[in-house]
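Worth saying up front: this structure is predicted, and the values here are computed from it rather than measured.
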Amino acid sequence: FLGEMLGREYYVPSTMELLQALVMPARRGQSSFPWLVPMPQEFAGKTYASLFEAWTQADDCAIPLSLYRKLPEVTKQYGYVVTNPDPNLELDEEDHIYVLASGQWGH
């Protein structure tokens with residue numbers, strides 16, 4: 001992973017800064033942080049687009065980036081990440097959402 005990131009740095013010089021900003025936001029003096037939060041029950045059965053609209057249009061804006069979804073066939077301890085979900089993807093009550101939001105939003 002690290003070798004690939006260093007190689008990518010040659011073509012996209014800001015790769016390491018982006019990674020550092022996501023992994024260590026407080027060190028860079030950022031006001032937004034990555035959060036993994038349980039999916040609110042009011043969005044169960046609704047689409048990803050409805051969640052995205054609600055959270056990005058709120059006063060304290062949060063930007064959903066991806067979903068963490070548990071595998072139904074296997075034990076509930078394993079899951080996968082859906083990056084940039086389809087807007088029509090139906091949300092499950094056990095989903096978690098990766099979000100960029102303020103420190104106050106995450107508490």
Side-chain angles (χ1 to χ4, degrees):
F1 174 77
L2 183 59
E4 183 179 328
M5 292 299 290
L6 291 174
R8 187 170 305 278
E9 185 73 15
Y10 177 78
Y11 297 103
V12 184
S14 60
T15 302
M16 294 304 281
E17 285 82 5
L18 175 62
L19 183 64
Q20 184 181 24
L22 288 173
V23 176
M24 300 180 290
R27 256 184 148 178
R28 309 218 18 113
Q30 293 176 200
S31 60
S32 294
F33 302 88
W35 300 99
L36 176 62
V37 296
M39 199 266 308
Q41 293 306 305
E42 64 264 22
F43 288 102
K46 295 187 178 177
T47 64
Y48 178 74
S50 65
L51 175 111
F52 189 91
E53 272 186 44
W55 286 9
T56 55
Q57 294 177 4
D59 290 337
D60 191 11
C61 179
I63 303 171
L65 301 174
S66 59
L67 296 177
Y68 177 78
R69 182 165 277 184
K70 294 182 179 178
L71 293 171
E73 312 86 40
V74 188
T75 62
K76 295 284 185 173
Q77 69 187 58
Y78 297 109
Y80 59 96
V81 175
V82 181
T83 306
N84 192 20
D86 185 283
N88 298 317
L89 179 69
E90 187 175 312
L91 298 171
D92 185 75
E93 61 186 9
E94 293 190 26
D95 287 343
H96 285 68
I97 301 110
Y98 284 99
V99 182
L100 275 181
S102 69
Q104 185 177 10
W105 188 92
H107 292 296

*Would you mind reporting whether V82 and S66 have side-chain heavy atoms less than 4.5 Å apart?*
no
_Rounded at 0.5 Å granularity, tell me how far CH2 in W105 sits from SG in C61._
10.0 Å
_Shortest non-hydrogen contact between W55 and P40, atoms and distance_ = CZ2-CG, 3.6 Å
*Looking only at heavy atoms, which two atoms of I97 and P64 are closest? And how far apart?*
CG2-CB, 3.9 Å
_So which atom in A101 and which in W35 form the shortest heavy-atom distance, rounded to 0.1 Å?_
O-NE1, 3.4 Å
*Keeping to residues at least two apart or across chains, list the side-chain hydrogen bond (donor to acceptor under 3.5 Å, both in side chains) pairs with something in residues 38-52.*
none
*Look up atom CG in L67 and atom OH in Y80, then write down how far apart they are to the nearest 0.5 Å.*
8.5 Å
*Pairs involving residues 81-93, ordered by first then second residue, that meet side-chain hydrogen bond (donor to acceptor under 3.5 Å, both in side chains) (sequence neighbours left out)*: none
*asked:* Run the side chain to side chain donor-acceptor pair (under 3.5 Å) test against D60 and tell me which residues pass, sequence neighbours left out.
replied: S102
*Would you say Y78's side chain and L71's backbone share a donor-acceptor pair under 3.5 angstrom?*
no
*How many angstroms lie between CG in L91 and CZ in F43, if you round to the nearest 0.5 Å?*
8.5 Å
_I need the full list of salt bridge (charged side-chain N to carboxylate O under 4.0 Å, His left out) pairs touching residues 95-107, with sequence neighbours left out, sorted by first then second residue._
R69-D95
